[in-house]
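Remember, it's a predicted structure, so these values are computed and weren't measured experimentally.
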Amino acid sequence: MFDLIAHAIPVFVLCLVLEAVSFAVLPNDDERGYELRDTRTSLTMGIGNVIINIGWKLAVLAVFTAVYLLAPVHLPASNPLTWIALFVADDFAYYWYHRTHHTIRVFWASHVVHHSSQHYNLSTALRQTWTPFTAVPFWVLLAFAGFAPWIILLQQSISLLYQFFIHTERIGKLWRPVEFVFNTPSHHRVHHGSNEKYLDTNYGGILIVWDRLFGTFQPEGERVVYGLTKNIETFNPVRVATHEYVAIWRDVRSARNWRAVWGHLFRGPGWQPAG
């Protein structure tokens, strides 16, 4: 199975090196740049994600294929309209995947990894989860809609490839029509901010129009403070990957009733029972 992301790794590394050099050549006091331990952790998380996905994507492909075989129609991959429809459908699925992974704690436990860095550079894009198992429900409907499994996985890779390049402080705001339609470095910096006004905003993948449509858009204004509202202060990849699961387990064990258990699992990351 062709994996676009795996083949793009040399490009990622080259761009990361060029960005790091740019901070040395053209420093900017308003940008955090790179920090060796932070970058090492991000790269380790990225490598772990690639290794885990070697097996996991085969399982995903099997699920998508089973659902696709049950689909009432099969959309031809040779038709350009199929790819246009897939682009829109994939980005819409990504928006809701991303939004729920910020607002439902058991999903956030997987996604929090990506937000755990207090820096924002191309290496941050590689800080990916080691538990990617919660994404399947958001794309399996595309297989039932008639999109072939291999083109769903390819479009997912294209979206992730695009999103790699918006993890940078080196690019300011772009041409206004571009900023209106597409997710840009400016929009995604806001998404990675722990500033109160920036929390739970700008969930888009390639397009920012979903955020504008569903009321989650926030333009970049005040300087972004990257990281979590309560930073974990560790560069240990295992702790980065698992810390929120550990916190959920502690809360569930100490819960007084089943309503509290439900809340700790399925309410927002900051939820606590009354009292």
Inset, instruction - Examine distances only and state if a side-chain atom of Asn257 and a backbone atom of Arg259 form a donor-acceptor pair shorter than 3.5 Å. - result: yes
Legend entry - NZ/NE/NH1/NH2 to OD/OE distance under 4.0 Å, Asp200 and Arg99: no
Inset, instruction - Would you give the length of the straight line joining atom CG of Leu43 to atom CE of Met45, rounded to the nearest 0.5 angstrom? - result: 11.5 Å
Inset, instruction - Scan side-chain atoms only and decide if Tyr94 and Gln156 contain a donor-acceptor pair under the 3.5 Å cut-off. - result: no
Inset, instruction - Quick one: do Thr234 and Asn236 satisfy side chain to side chain donor-acceptor pair (under 3.5 Å)? Show the steps, please. - result: CA-CA 6 Å; Thr234 181; Asn236 183 321; 5.3 Å; no
Inset, instruction - Look at the rings of Tyr97 and His111 and say which category their plane angle falls in: under 30° parallel, 30 to 60° tilted, over 60° perpendicular. - result: perpendicular
Legend entry - Close side-chain approach of Leu126 and Leu16, heavy atoms under 4.5 Å: yes
Inset, instruction - Could you tell me whether His192 and His188 have their ring centroids closer than 6.0 angstrom? - result: yes
Inset, instruction - Check the pair Phe144, Tyr68 against ring-ring contact (aromatic ring centres under 6.0 Å, His included), reporting the backbone distance first and the verdict last. - result: CA-CA 5 Å; Phe144 190 71; Tyr68 176 71; over 10 Å; no
Legend entry - Residue pair Asp38 / Gln118, side-chain donor-acceptor N/O under 3.5 Å: no
Inset, instruction - Tell me yes or no: between the side chains of His101 and His114, is some donor less than 3.5 Å from an acceptor? - result: no
Inset, instruction - Determine whether the aromatic ring centres of Tyr226 and His119 lie less than 6.0 Å apart. - result: no
Legend entry - Cation-pi, Phe180 ring and Arg212 (6.0 angstrom, 45 degrees): yes
Legend entry - His191 vs Tyr198, ring-ring contact (aromatic ring centres under 6.0 Å, His included): CA-CA, chis, key distance, verdict: CA-CA 6 Å; His191 177 70; Tyr198 291 159; over 10 Å; no
Inset, instruction - State, with a plain yes or no, whether a side-chain heavy atom of Ile232 is found less than 4.5 Å away from one of Arg239. - result: no
Inset, instruction - Evaluate the criterion side chain to side chain donor-acceptor pair (under 3.5 Å) for residue pair Gln163 and Asn183; output intermediate values, then yes/no. - result: CA-CA 8 Å; Gln163 291 179 60; Asn183 196 10; 5.3 Å; no
Legend entry - Six-ring centre of Tyr245, Arg250 cation under 6.0 angstrom, axis tolerance 45°: no
Inset, instruction - Report yes if some heavy atom in the side chain of Trp139 is under 4.5 Å from a heavy atom in the side chain of Asp90; otherwise report no. - result: yes
Inset, instruction - Classify the side-chain pair Tyr95/Thr216 by whether it contains a donor and acceptor separated by less than 3.5 Å. - result: yes
Inset, instruction - Apply side chain to side chain donor-acceptor pair (under 3.5 Å) to the pair His187 and Glu179, showing each step before the final yes or no. - result: CA-CA 8 Å; His187 297 328; Glu179 294 279 343; 3.1 Å; yes
Legend entry - Donor on one side chain, acceptor on other, Ser186 and Thr184, under 3.5 Å: no
Legend entry - Residue pair Arg105 / Glu244, side-chain heavy-atom distance below 4.5 Å: yes
Legend entry - Distance-only donor-acceptor check, side chains Ser116 and Arg127, under 3.5 Å: yes
Inset, instruction - Assert yes or no for the condition that the ring centre distance of Phe147 to His74 is strictly below 6.0 Å. - result: no
Inset, instruction - Begin with the C-alpha distance, continue with both residues' side-chain angles, and end with the deciding distance and a verdict on side chain to side chain donor-acceptor pair (under 3.5 Å) for Ser194 and Thr229. - result: CA-CA 5 Å; Ser194 60; Thr229 54; over 6 Å; no
Inset, instruction - Could you verify whether a donor N or O on one side chain and an acceptor N or O on the other, from Trp130 and Asn49, lie under 3.5 Å apart? - result: no
Inset, instruction - Measure the shortest side-chain to side-chain distance between Phe217 and Pro219 over non-hydrogen atoms and say whether it is less than 4.5 angstrom. - result: yes
Inset, instruction - Using a 4.5 Å cut-off on heavy atoms from C-beta on, say whether the side chain of Val60 contacts that of Phe64. - result: yes
Inset, instruction - Measure the shortest side-chain to side-chain distance between Pro273 and His264 over non-hydrogen atoms and say whether it is less than 4.5 angstrom. - result: yes
Inset, instruction - Would you check if Thr82 and Asn79 make a side-chain contact, meaning some heavy-atom pair closer than 4.5 Å? - result: yes
Legend entry - Spatial distance of atom CG (Leu122) from atom CD1 (Ile166) [nearest 0.5 Å]: 10.5 Å
Legend entry - Note: Glu31-Arg170 ion pair, threshold 4.0 Å (strictly below): yes
Inset, instruction - Just do the ring-ring contact (aromatic ring centres under 6.0 Å, His included) check on Phe214 and Trp96 with the steps written out, would you? - result: CA-CA 10 Å; Phe214 295 116; Trp96 286 106; 5.2 Å; yes
Legend entry - Parallel, tilted or perpendicular, as decided by the 30° and 60° cut-offs, for the rings of Tyr162 and Phe182: tilted
Inset, instruction - Verify, without hydrogens or angle tests, whether Asp91 (side chain) and Val88 (backbone) share a donor-acceptor contact under 3.5 angstrom. - result: no
Inset, instruction - State yes or no: are the ring centers of Tyr203 and Trp210 separated by less than 6.0 Å? - result: no
